[in-house]
Amino acid sequence: MKMRAARMHGYKQPLRLEEIPVPTPGPEEVLVEVGGAGMCRTDFQLIDGYFDRGQDMGFPFTPGHEIAGWVDSIGSQVPASAGLSEGDQVVVYGGWGDGTCRQCQGGNEQICPQGHWVGFGGHGGYQEYVPVHHRYLIPVAGRDGLTPATLAPLTDAGLTPYRGLKKLRAAGVLGAGRTVAVTGIGGLGSYGTQYAKLLGGGAAVVAFARSDEKLKVATDNGADHAINVRDKSAEEVRGELQNLTGRGEIDAVIECAGSVESIQLAFDLLATEGAVASVGLIGNRIDIPLFPLVAREFSYFGSFWGNYNDLTEVLALAEAGQIRHTVTPVQFDDINATIDAIAAGEVLGRAVVVYD
């Protein structure tokens, strides 16, 4: 039996749209029929060589780390306690650890030093069937618009800013009378705006982006204020912030862009004892003045993806109808064109590959 797959055969090359054999799941694995595969800017960066560290990636392989679909078949050693049956709708948790290191023992398999991320070698969501160890599947009832197309983005775009907001909440920089900014209203920021409202404890939420179209997504998703930062200095943004909120500074930032300019702006506007959580990865380096970082006691958190429990919390919010989705369906034949559009910042919300 054959399936369609969009595979990497090397860096800086378009994906090859091919037909390859459907993989056979191992005894502890489940074969998932992919119903939706979110398209992340990270996929463009993967293809472009951003993650090339000289290691053998095992070309060819299929990218795609945001996956939701249905159980097609179940390996012979998958225990009944996994609670999986053929036909079940499931999402794939994408950070696969070795299960033995300190990070895995603490529940953070996504940052396991010896771990593996789905779609970074081997099988990923840009193919019609994916084998997954049963431990990394979460069943989700198909109701109230919870389809693979809306669920797939929650496994990264909807998960990553959630973990970052939890870090800001734990740092004590959210709450009534405070201001939290969401910078970069793309796939992550469209969810980040919602979590800023849900977890912010009454903090005012301000969205920063470089297009009015993306800012409208942010306000539709609950942002109290929106500022177009394109071609504006930090002082110009500060003035708009003052007019909108009565304060020219920000207590917390969920930084979803990851560009040098966006991170610098976040720290330029940060209040004393404020905190920034970085979840975006456009750039390679940051440039932050040292004295204010120390003297004003700023906090800076790196926050990568999310763990299994974080994802179950996100899915619970979705099942409770508290998450709004901005999804653009993509046909298999249009994958390469959509990757180019994502690289250019031309996609609203999340593009999701759907299979006929």
Side-chain angles (χ1 to χ4, degrees), residues 40-42 44-45 48 50-51 111 156-157 159-171 173-174 178-193 195-196 200 203-211 214-215 218 223 225-241 245 247-306 342-345:
C40 181
R41 194 178 195 280
T42 301
F44 158 72
Q45 292 172 291
D48 197 49
Y50 183 94
F51 299 97
I111 52 175
D156 179 8
L159 173 60
T160 300
Y162 180 78
R163 182 176 177 85
L165 258 300
K166 285 175 68 175
K167 290 191 175 188
L168 293 174
R169 183 176 62 180
V173 292
L174 303 179
R178 297 179 181 263
T179 303
V180 55
V182 184
T183 59
I185 309 300
L188 276 66
S190 62
Y191 290 107
T193 304
Y195 300 142
V205 178
V206 183
F208 291 172
R210 295 166 59 84
S211 91
K214 291 185 176 181
L215 288 172
H225 309 288
I227 298 176
N228 190 323
V229 299
R230 181 180 291 276
D231 299 326
K232 291 176 182 173
S233 68
E235 288 311 305
E236 288 173 320
V237 176
R238 186 187 303 278
E240 291 195 38
L241 190 62
T245 69
R247 297 175 64 215
E249 55 187 13
I250 294 166
D251 301 286
V253 182
I254 181 74
E255 213 297 298
C256 299
S259 68
V260 171
E261 298 80 8
S262 184
I263 295 170
Q264 286 178 335
L265 178 63
F267 278 94
D268 284 342
L269 300 174
L270 200 61
T272 298
E273 294 188 300
V276 176
S278 270
V279 298
L281 282 175
I282 288 180
N284 282 296
R285 301 186 66 83
I286 56 176
D287 185 1
I288 302 168
L290 180 60
F291 183 74
L293 179 70
V294 174
R296 301 184 68 189
E297 297 199 353
F298 295 156
S299 296
Y300 190 24
F301 299 101
S303 187
F304 183 72
W305 215 339
I342 291 170

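Along the sequence shown, residues carry numbers from 1. Not measured: the values here are computed from a predicted model.
- Residues Gly192 and Leu165 come closest through the heavy atom pair O-CD2, 4.3 Å.
- Side chain of Gln45 to main chain of Asp48: no donor-acceptor pair is present (N/O by atom type, distance under 3.5 Å, no hydrogens or angles).
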query: How far apart are the C-alpha atoms of Arg210 and Val229, what are their side-chain angles, what is the distance that settles it, and do they pass the side chain to side chain contact (heavy atoms under 4.5 Å, CB included) test?
result: CA-CA 5 Å; Arg210 295 166 59 84; Val229 299; 4.0 Å; yes
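- The distance from atom OG1 of Thr183 to atom CD1 of Ile227, rounded to the nearest 0.5 Å, is 12.0 Å.
- The NZ atom of Lys167 sits 14.0 Å away from the CG atom of Leu174 when rounded to the nearest 0.5 Å.
- Although no hydrogens or angles enter the test, the distance criterion places no donor-acceptor pair under 3.5 Å between the side chain of Ser262 and the main chain of Gly258.
- In terms of modelled atom types and a separation under 3.5 Å, the side chain of Arg41 and the main chain of Gly187 share no donor-acceptor contact.
- Listed here is the closest heavy atom pair of Ala271 and Asp251: CB-OD1, 3.9 Å.
- Annotation for Glu297: atom CD does not count as buried by contact number, only 12 or fewer foreign heavy atoms lying within 6.0 Å.
- Remark: the backbone N or O of Ala203 is not paired with any side-chain donor or acceptor of Arg178 at under 3.5 angstrom.
- The backbone N or O of Gly274 sits nowhere less than 3.5 Å from a side-chain atom of Glu249 that would complete a donor-acceptor pair.
- Side chains of Thr160 and Tyr191 form no contact here, defined as non-hydrogen atoms less than 4.5 Å apart.
- Between Asn228 atom CG and Phe208 atom CZ the span is 11.0 Å, to the nearest 0.5 Å.
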field: Residue pair Ile286, Tyr300: steps toward the side chain to side chain contact (heavy atoms under 4.5 Å, CB included) verdict
entry: CA-CA 11 Å; Ile286 56 176; Tyr300 190 24; 3.3 Å; yes
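- Scanning both residues, Val237 and Leu269, for their nearest heavy atoms gives CG1-CD1, 3.8 Å.
- The residue from Glu240, Glu235, Glu236 that alone fulfils the side-chain contact (heavy atoms from CB on, under 4.5 Å) condition with Arg238 is Glu235.
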Trace of the side chain to side chain contact (heavy atoms under 4.5 Å, CB included) decision for Thr245 with Val206: CA-CA 9 Å; Thr245 69; Val206 183; 4.0 Å; yes
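- Rounding to the nearest 0.5 Å gives a distance of 9.5 Å between CD1 of Ile282 and CD1 of Ile263.
- Of the possible donor and acceptor atoms, one in the side chain of Lys214 sits under 3.5 Å from a partner among the backbone N and O of Gly345.
- The line from CH2 of Trp305 to CG of Leu159 is 8.0 Å long, rounded to the nearest 0.5 Å.
- Ala223 and Ala207 make their closest contact through CB-CB, 4.1 Å (heavy atoms, listed as atom of the first residue, atom of the second, distance).
- When all heavy atoms of Ile250 and Ala181 are compared, the pair lying nearest together is CD1-CB, 3.6 Å.
- Taking every heavy atom of both residues into account, Ile185 and Ala209 meet most closely at CG1-CB, 3.8 Å.
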- request: Show the numbers, then the answer: is there a side chain to side chain contact (heavy atoms under 4.5 Å, CB included) between Val182 and Tyr195?
  value: CA-CA 10 Å; Val182 184; Tyr195 300 142; over 6 Å; no
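- Leu265 CG to Ser233 OG: the interatomic distance, rounded to the nearest 0.5 Å, is 9.0 Å.
- Between Phe298 and Phe267, the ring planes are tilted. Angles from 30° to 60° get that label.
- In summary, of the residues considered (Val180, Thr179, Ile254), a side-chain contact (heavy atoms from CB on, under 4.5 Å) with Val205 occurs for Val180 alone.
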